[in-house]
Number of protein chains: 2
Amino acid sequence: MELTATSNARSICRETSHTDCQKVIMPVRDALDVISGKWKLPIIIAVSSGHKRFRDIERSIPRITSKVLSKELKDLETHKLVKRTVYDSQPVSVEYTLTPYADTLNSVIDALHRWGLQHRKKILGR
Amino acid sequence: MELTATSNARSICRETSHTDCQKVIMPVRDALDVISGKWKLPIIIAVSSGHKRFRDIERSIPRITSKVLSKELKDLETHKLVKRTVYDSQPVSVEYTLTPYADTLNSVIDALHRWGLQHRKKILGR
DNA sequence: CGGAATCCAATACGATACTG
DNA sequence: CAGTATCGTATTGGATTCCG
């Protein structure tokens, strides 16, 4: 295992070279690219909540446009977080579902959620 | 405690109302706003590594410009992650240091780091 | 229904120069 | 040294319309 439970990115960076430091930043930026942006999380949560059809997802997320939804769903599919299934019915219908892999994001979302909660209190005052 | 060790943002969203779901998304976006972007992490790591002076930080981060560094340092100061100290020497010098509060980001950065590492392997293949 | 096409606004980021 | 000013580019998100 490359990282023990007690190690962390910053302590690594304090102790090692600049190029190793880059090796820490890169995975973090990879992860951020997948979940940051205005719509990724709302979409993940909408699909997770049982909204499977394109219009269904669209209606469940206030102020999103079809263009943005279309693009973000493609991104999420590329990252194997969302599965797109086309059914040959009349008319054809498309279903979006989360992959099992999407569950691996839970630890990340939890960490962000917890930190964000206390940070809001800290910055805005109690 | 509002969140137990076994709960997480997505399971909450599956089980509760839309407005409660928003309450989960907001803190996550708060957290993301603080650390996302191209330069936040490199700057945090540079300061954490002992680079305290403006030019020092600037030189330690390839391709960053003074304009961007200036703006990002202000943001980080606003979020109480970085402390700016002006010394009345001749000429005046300015020192940037991480606050103790910045250490609370470790859990977030760790989660992102771990997930990012395995995700890169998953997407690019071994 | 499930999008794609087009056009537009806002923001992030970059290059270069300059100041106290 | 520690920034600011100005300008330009690039990416992102939004509004609207259209299509099979």
Side-chain angles (χ1 to χ4, degrees), chain A residues 22 25-26 28-47 50-79 82-98, chain B residues 22 25-26 28-47 50-79 82-98:
Chain A
Q22 287 302 111
I25 292 176
M26 281 177 49
V28 175
R29 286 193 46 81
D30 287 344
L32 286 174
D33 286 345
V34 173
I35 57 171
S36 64
K38 190 171 178 179
W39 300 111
K40 300 270 167 57
L41 237 45
I43 292 170
I44 288 175
I45 290 175
V47 176
H51 299 283
K52 297 176 188 299
R53 309 288 295 274
F54 189 91
R55 296 296 287 196
D56 190 15
I57 299 167
E58 192 178 2
R59 275 192 305 265
S60 76
I61 302 174
R63 284 175 303 282
I64 199 171
T65 65
S66 61
K67 173 192 171 183
V68 171
L69 179 57
S70 172
K71 190 250 187 190
E72 300 291 87
L73 281 171
K74 278 176 191 163
D75 287 353
L76 293 172
E77 205 189 342
T78 299
H79 287 290
V82 160
K83 182 169 182 293
R84 182 180 185 267
T85 312
V86 182
Y87 292 100
D88 284 350
S89 50
Q90 354 277 355
V92 291
S93 73
V94 179
E95 256 191 32
Y96 293 92
T97 51
L98 289 195
Chain B
Q22 287 303 109
I25 294 176
M26 282 178 48
V28 176
R29 286 191 47 80
D30 287 344
L32 285 174
D33 286 345
V34 173
I35 57 170
S36 64
K38 190 171 178 179
W39 300 110
K40 300 271 167 56
L41 239 44
I43 292 170
I44 288 175
I45 291 175
V47 176
H51 299 284
K52 297 176 188 301
R53 310 289 295 273
F54 189 92
R55 295 296 288 196
D56 190 14
I57 300 168
E58 192 178 0
R59 274 192 306 265
S60 77
I61 302 174
R63 283 174 303 284
I64 199 170
T65 65
S66 58
K67 173 193 172 182
V68 170
L69 179 57
S70 172
K71 190 252 187 190
E72 300 289 89
L73 281 171
K74 278 176 190 164
D75 287 353
L76 293 171
E77 205 189 342
T78 299
H79 288 289
V82 159
K83 183 170 182 290
R84 182 180 185 268
T85 311
V86 181
Y87 292 100
D88 283 353
S89 51
Q90 352 278 355
V92 290
S93 73
V94 179
E95 255 190 34
Y96 293 93
T97 51
L98 289 196

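Lettering of chains follows the sequences in order, A, B, ..., and the numbering in each one begins at 1.
Residue A:R55 has no polar side-chain atom (N or O) positioned under 4.0 Å from OP1 or OP2 of C:dG2. The phosphate of C:dG14 (OP1 or OP2) has a side-chain N or O of B:K38 nearer than 4.0 angstrom. Dashed line: the shortest gap from a side-chain N or O of B:Y96 to OP1 or OP2 of D:dG3 is under 4.0 Å. Look at A:S70 and you'll find a side-chain N or O under 4.0 angstrom from OP1 or OP2 of C:dA4. Between A:K67 and C:dC8, a side-chain N or O to OP1/OP2 separation shorter than 4.0 Å is absent. Dashed line: the shortest gap from a side-chain N or O of A:R84 to OP1 or OP2 of C:dG3 is under 4.0 Å.
Backbone-only engagement by A:R53 is indicated by non-hydrogen atom pairs under 4.0 Å involving sugar-phosphate atoms exclusively.
For the pair A:D75 CG and D:dT12 C1', the interatomic distance rounds to 12 Å; values are reported in whole Å. Atom pair A:Q90:CD and D:dG20:C1' shows a separation of 14 Å (rounding to whole Å applied). Atom CG in B:L73 sits about 14 Å away from atom P in C:dC13, given to the nearest Å. At whole-Å resolution of the value, NZ in A:K71 and C1' in D:dG14 are 14 Å apart. What separates CD of B:E58 from C1' of C:dT16 is a distance of 13 Å, to the nearest Å. Taking atom CZ of residue B:R29 and atom C1' of nucleotide D:dG13, one finds them 11 Å apart after rounding to whole Å. With rounding to whole Å, B:I64 atom CD1 is found 16 Å from C:dT16 atom P. With rounding to whole Å, A:E72 atom CD is found 13 Å from C:dA4 atom P.
Nearest heavy atoms, B:K40 versus B:V34: CD-O, 3.4 Å.
Separating the CD1 atom in B:I43 from the CG atom in B:L98 is a distance of 11.0 Å, to the nearest 0.5 Å.
Side-chain proximity of A:T65 to the nucleotides C:dA17, D:dC1, D:dA15 is greatest for D:dA15. Set against D:dG14, D:dG3, C:dC13, the side chain of A:V68 has D:dG14 as its closest nucleotide.
Counting only distance, with no hydrogens or angles, the side chain of A:R84 and the backbone of A:L73 share no donor-acceptor pair below 3.5 Å. A donor-acceptor pair is defined here as one N or O able to donate and one able to accept, closer than 3.5 Å; such a pair exists between the side chain of A:T78 and the backbone of A:K74.
For the pair B:E58 and B:R55, the salt-bridge criterion is met [side-chain N within less than 4.0 Å of a carboxylate O].
Counting distance only, with no hydrogens placed and no angle test, the side-chain atoms of B:S93 and the base atoms of D:dA2 include no donor-acceptor pair under 3.5 Å.
A residue-by-residue look at A:F54 and B:R63 shows that A:F54 has its nearest nucleotide of DNA chain C further toward the 5' end.
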